[in-house]
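We count ligands from 1, going down the list as the structure has it; atoms in each ligand are counted the same way. Quick note: residue numbers are just sequence positions, from 1. Please read all numbers here as calculations on a predicted model, not as lab measurements.
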Amino acid sequence: MAEYENILVRQEDRVGVVQLNRPQALNALNSALMTELMHALRAFDGDDSVGCMMITGSEKAFAAGADIKQMAQASVVQMMNDPFIYYWDQLAAIAKPIVAAVSGWCLGGGCELAMACDMIVASETAKFGQPEINLGIIPGAGGTQRLTRTVGKAVAMEMVLNDRKLSAAEAQQLGLVNRVAPVEQYMDAALELAQGIAQRAPVAVRAGKEAVTKAYETTLAEGLHLERRLFTMLFATADQKEGMAAFIEKRKANWRGQ
Ligand code: CAA
């Protein structure tokens, strides 16, 4: 595996795990960290031995936002030219599912990073927020768009305009978070979810992610059209034949990712 300075990377069975590792800055997301994160995720995306990925931070902070010290003196042109802010969008091009395992601060760009993942498992101590208004800016990596589509206008307005923070329990109630676990158990809970997905038919998992993601971005008619195309395309895979044969023969399917 490649050498990184701002992240720790490991593989647990079929799950590729990336841990954000800038503890001195509560995992604030700077260009170097985001470049390494994207590099590691793309490597896992192209590795057949990985079926699902996980992004996590520390118990104290998933990430306290984009790096304010890096941005403080930036000009408009520097912000436009720096690919940094586009990395959040590039996460959407990762084909395999990503589970975010969140504990502690999950703020600003950190909350946007978690929302750009496909599922979130949180510890009871997690705190979600978009506090950019305190810096004289607004969220710039999905915090007004993905957040609003998930929690609705009323709560999103309070979070973006008045720095309302959500506890893990509130975030789960609002549909932002899949599961909440005690702080000693959230990593295992996230890993269990990721391992479960990683053991399923790989091509179908990718198709399922693409189809569900599309539901947030398009009309119902276009979404249904994509769903039908992906559904019928899966009948060209060996795994569809294997999955249905295994059901009929009352045995466990042996997925080949073909
Ligand atoms: N950027 C850079 N450094 C950060 C940081 C950030 N987003 N968040 C924390 N740090 C640094 C602090 O400066 C501090 O470093 P020093 O010891 O060198 O001073 C270290 O991390 C520890 O932080 P605190 O001492 O502040 O820790 P705390 O426990 O007292 O407070 C906190 C924790 C409430 C999360 C507080 O650090 C905080 O408010 N952080 C900023 C949160 C924020 O505004 N995030 C949005 C960033 S803008 C953005 O994300 C834009 C976008 O949409 C892409």
- Which atoms of ligand 1 are found less than 4.0 Å from any heavy atom of Ala25? 4 (C), 9 (C), 10 (N), 11 (C), 21 (O)
- Between Asn21 and Leu8, is there a donor-acceptor pair closer than 3.5 Å when you use the side chain of the first and the backbone of the second? no
- Message: Below 4.0 Å, non-hydrogen atoms only: which portion of Asn134 touches ligand 1? Side chain, backbone, both or neither.
- Response: neither
- Query: Does some non-hydrogen atom of the protein lie less than 4.0 angstrom from atom 38 (C) of ligand 1?
  - Reply: no
- Task: Would you check the N or O atoms of Gly108, main chain and side chain alike, for any that come under 3.5 Å of an N or O of ligand 1?
- Result: no
- Message: Please work out, at 4.0 Å between heavy atoms, whether the side chain, the backbone, both, or neither of Asp67 comes within that distance of ligand 1.
- Response: both
- Message: Polar contacts were defined as any N/O atom of the residue lying under 3.5 Å from an N/O atom of the ligand; does this apply to Ile138 and ligand 1?
- Response: no
- Message: Please check whether Met71 reaches ligand 1 - meaning an N/O of the residue sits under 3.5 Å from an N/O of the ligand, judged on distance alone.
- Response: no
- Item | Glu112, portion touching ligand 1 at heavy-atom distance under 4.0 Å | side chain
- Just distances here: any N/O of Glu132 and N/O of ligand 1 closer than 3.5 Å? yes
- Run the salt-bridge test on Arg229 and Glu227 with the 4.0 Å N-O cut-off and return the result as yes or no. no
- Task: Would you please say whether a donor-acceptor pair under 3.5 Å links the side chains of Asp163 and Asn134?
- Result: yes
- Message: If I apply the N/O under 3.5 Å rule, does Pro139 come out as touching ligand 1?
- Response: no
- Are Arg256 and Asp239 within salt-bridge range, i.e. N to O under 4.0 Å? no
- Query: With a 4.0 Å cut-off, would you call Glu170 and Arg164 a salt bridge?
  - Reply: yes
- Message: Measuring from non-hydrogen atoms of Leu29 to any atom of ligand 1, is the shortest distance under 4.0 Å?
- Response: no
- Would you please say whether a donor-acceptor pair under 3.5 Å links the side chains of Gln258 and Thr237? no
- Query: Of all the non-hydrogen atoms in the protein, which one sits nearest to atom 36 (C) of ligand 1, and at what distance?
  - Reply: Leu26 CD1, 4.7 Å
- Are a donor atom and an acceptor atom from the side chains of Ser49 and Gln11 found within less than 3.5 Å of each other? yes
- Task: Evaluate whether atom CG of Asp48 has more than 12 neighbouring non-hydrogen atoms of other residues, nucleotides or ligands under 6.0 angstrom away.
- Result: no
- Message: Test of understanding: given a 4.0 Å heavy-atom threshold, classify the contact between Ala64 and ligand 1 as side chain, backbone, both, or neither.
- Response: both
- Message: Measuring from non-hydrogen atoms of Gln130 to any atom of ligand 1, is the shortest distance under 4.0 Å?
- Response: no
- In this structure, atom 15 (O) of ligand 1 is nearest to the protein heavy atom Lys69 NZ, 3.4 Å
